[in-house]
Structures are given as C-alpha cells and as structure tokens.
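The next block holds one structure in the form of structure tokens; read it before the comments.
Every value quoted in this text rests on a predicted model; they were computed, and no experiment measured them.
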Amino acid sequence: MRLAAGADAKKVAAEAGARSFEIPEYAPTFVILKSAEPGDSLSKLDAVRTLDSVTSAKPLLSQQKNKRFIHLRASTTRASNP
C-alpha cells in the first residue's frame with residue numbers, strides 16, 4: 001500500500017491487523033503488510049483502504065523469494081571384496 005506523507009508505517013500496520021510489515025528500500029512511501037492468515041490480504045483490503053494514512057492499497061498475492069542453491073558434495077564408498 002502507499003502511505004500518505006508523514007504517515008507512521010508501524011501504526012498503520014497495527015491498525016490493519018498485520019503480523020508484520022516491510023518498507024521496500026526502492027519505494028520508501030510504500031509498505032508491504034504481512035498477514036497472519038492466508039487470505040487476510042483480501043478480506044481486510046477494504047478496511048485498509050479506508051484508513052486516513054493510506055492513499056492506495058492493492059493485495060500482494062505472492063512474493064518471489066530468492067532462490068537458494070545447495071551444493072552437495074558427492075561421496076563414493078567402495079565395497080571391498082574379500
């Protein structure tokens with residue numbers, strides 16, 4: 001969501017019932033709310049839009065995570081024949 005000038009992101013997140021929030025480094029006037037339950041972003045959307053500190057709000061239904069690569073070292077064990 002986009003906040004009005006001077007709005008307190010922590011206060012808005014609490015009013016919206018969010019479990020946590022994030023302010024993207026690349027967009028300091030925007031806030032991403034993290035919901036406690038799946039579907040909360042849709043069910044609480046209308047209420048969030050009515051907050052005075054919010055100028056616009058849209059649901060973020062998915063978020064791409066950084067891929068993590070795990071390097072596995074292959075080990076071989078040879079069975080000995082007597």
Side-chain angles (χ1 to χ4, degrees):
M1 70 181 145
R2 187 173 197 162
L3 297 181
D8 180 6
K10 187 175 183 177
K11 182 180 175 188
V12 173
E15 290 174 349
R19 133 178 95 84
S20 64
F21 69 95
E22 175 186 347
I23 301 172
E25 208 174 281
Y26 56 87
T29 60
F30 285 83
V31 175
I32 298 172
L33 299 179
K34 311 247 174 143
S35 302
E37 297 293 326
D40 278 357
S41 60
L42 293 175
S43 64
K44 295 182 178 183
L45 184 60
D46 288 336
V48 169
R49 287 179 172 157
T50 64
L51 297 174
D52 291 335
S53 301
V54 176
T55 60
S56 67
K58 295 180 182 178
L60 179 62
L61 300 178
S62 67
Q63 190 172 11
Q64 183 175 357
K65 303 287 184 185
N66 292 335
K67 292 182 180 179
R68 295 182 186 183
F69 294 99
I70 300 172
H71 176 72
L72 299 176
R73 177 183 280 176
S75 65
T76 57
T77 305
R78 294 183 185 205
S80 60
N81 290 332

Just wondering, are more than 12 heavy atoms of other shown residues or ligands nearer than 6.0 Å to CZ in Arg19?
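Count over threshold, so yes.
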Please report the shortest heavy-atom distance between [X] and [Y], naming the atom on each side.
{"X": "Ile23", "Y": "Ala9", "result": "CD1-CB, 3.8 Å"}
{"X": "Phe21", "Y": "Ala13", "result": "CD2-CB, 3.6 Å"}
{"X": "Lys58", "Y": "Arg49", "result": "CA-NH2, 4.3 Å"}

Gap separating the OG atom of Ser43 from the CD atom of Glu37, nearest 0.5 angstrom
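Atom-to-atom, Ser43:OG and Glu37:CD are 9.5 Å apart.
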Do Val12 and Met1 touch side chain to side chain, with heavy atoms closer than 4.5 Å?
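The answer is yes; the side chains approach within 4.5 Å.
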Test applied, side-chain contact (heavy atoms from CB on, under 4.5 Å); reference residue, Leu3; option that passes from Leu51, Thr55, Val31
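In the set Leu51, Thr55, Val31, the residue that makes a side-chain contact (heavy atoms from CB on, under 4.5 Å) with Leu3 is Val31.
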